[in-house]
Protein chains: 2
Amino acid sequence: MTMSKRDTYTPESLLAVAVQVFNERGYDGTSMEHLSRAAGISKSSIYHHVRGKEELLQRAVGRALEGLFGILDERGARDGRAVLRLEYVTRRTTEVLMDELPYVTLLLRVRGNTPTERRAMERRREFDQRVSELLKDAVAEGDLRADVEARLATRLLFGMINSLVEWYRPDGRGAEGADQVVDAVVRLAFDGLRA
Amino acid sequence: MTMSKRDTYTPESLLAVAVQVFNERGYDGTSMEHLSRAAGISKSSIYHHVRGKEELLQRAVGRALEGLFGILDERGARDGRAVLRLEYVTRRTTEVLMDELPYVTLLLRVRGNTPTERRAMERRREFDQRVSELLKDAVAEGDLRADVEARLATRLLFGMINSLVEWYRPDGRGAEGADQVVDAVVRLAFDGLRA
DNA sequence: ATAGATTAACCGAATGTTCGGTCGGGACAA
DNA sequence: TTGTCCCGACCGAACATTCGGTTAATCTAT
């Protein structure tokens, strides 16, 4: 290994560091000084790679949104009986959330203080609306219970999935493999806790 | 009406304003200037009522934690078969969350940047641990499914309940009454989405 | 009832620090 | 050499809080 080799950042690698710190401290609770310490470069060096703090946020939430909306374009989300599509979307959303955990985490925590955040929140509402329609279709086809209002059910379902950002860690805690988590989500969501 | 009448704040009423703004903008995204504008008094006047920004946070999360831990002391959470206790706790947690929505919302969003936040997070972990044990008991008594690990199931269950802070609004959106929401939570949690 | 004393609630200015970002220059690698 | 990547010093604005003072309300003595 050559010690004279300079480890340099790319916008991508810098983003990964930034997103991690944003998630730990919150976006507003993270100063550029915090970022520079975490990245091991000076604060001003960051501006070589990105125009500003908000650009980091924009890239991160953009990546998360791309992942989520991508699911809705997949075959399993478009073809077939509504309840199967909903189950597919449930699985894939859980998988994307775990694959892009830092980015989706950040997305789910935006508040609306900046234009970037407000746009991200708007996009999230679109996604929720799409899924709510899917759930409504499954109820109409008689596969899902009708005694819980579709919008409410959607919110509770995605509330559960999105909660993964609060506790799921890819490095594994005990026997929690990714597949186990996905299966658990689907089981609890569709069949509940009861034996 | 006499225009010279002075509307004064109490720590309680000021807290309510603060918590609302904290929830809109995030704690770190909220400056004392934001608070002073929302409260309609000067920034410095706030310090007559509270020692500092963090004291507001401390009071708010304290109130939320008091509500949640209070549930665990209630009769329905202590006596009877584990699955009934779990259902009771599920209902009561949902109710407390809705009754103390601003305070629980703030609690659920703390990050850990201040001592107050770190202590609150520690307390939340205690609460989660208590509930996880209850769910484990219900599995052991054969009332709840054993194919989903108890800790994971607890997290998904409370993930769903806690998601209310993101979308539940007491002023009602359509037919969403509080009782309807509580019933929906219990139904989806214990019996799932399937018809 | 009234005036003076006291207190609570409030104010704008000031303070020291931190914020996101800029600038001129240096270090590094090809 | 040149372009990329980085640096420390610096900027004006904003941060949470303190300071000395004002105002309105309340209390007390007459």
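Reminder, nothing fancy here: chain letters follow the sequence lines and each chain counts from 1. Computation of the quantities below employed the complete heavy-atom set of this structure, encompassing side-chain atoms and omitting hydrogens, waters and symmetry-equivalent molecules.
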Phosphate contact (D:dC7 OP1 or OP2) by A:S42 side-chain N/O below 4.0 Å:
yes
Show, in sequence, the C-alpha distance, side-chain angles and deciding distance for B:Y88 and B:E74, and conclude whether the side chain to side chain donor-acceptor pair (under 3.5 Å) test is met.
CA-CA 10 Å; B:Y88 181 83; B:E74 290 169 10; 2.6 Å; yes
Nearest whole angstrom, please: distance from the C1' of D:dT22 to the NE2 of B:H48.
14 Å
B:D99: partners by side chain to side chain donor-acceptor pair (under 3.5 Å), with sequence neighbours left out
none
Side chain to side chain donor-acceptor pair (under 3.5 Å) assessment of A:H34 paired with A:S31:
CA-CA 5 Å; A:H34 288 123; A:S31 66; 2.9 Å; yes
In whole angstrom, give the distance that lies between atom CD of B:Q58 and atom C1' of D:dA16.
17 Å
Taking NZ, NE, NH1 and NH2 as the nitrogens, is one of them in A:E100 or A:R63 under 4.0 Å from a carboxylate oxygen of the other?
yes
Ion pair check, A:R123 and A:E126, cut-off under 4.0 Å:
yes
Looking at A:Y27, is A:K53 sitting on its ring face, NZ or CZ under 6.0 Å from the six-membered ring centre and within 45 degrees of the normal?
yes
What is the distance, rounded to the nearest whole Å, between atom CZ of B:R25 and atom C1' of D:dC15?
13 Å
Check nucleotides 18-21 of chain C against the protein and report each pair of N or O atoms closer than 3.5 Å, with its distance, or say if there are none.
unit_1	atom_1	unit_2	atom_2	d
C:dG20	OP1	A:T30	O	3.3
C:dG20	OP1	A:K53	NZ	3.0
C:dG20	OP2	A:M32	N	2.6
C:dG20	N7	A:K43	NZ	3.0
C:dG20	O6	A:K43	NZ	3.4
C:dG21	OP2	A:Y47	OH	3.1
C:dG21	OP2	A:K53	N	2.8
C:dG21	O6	A:K43	NZ	3.3

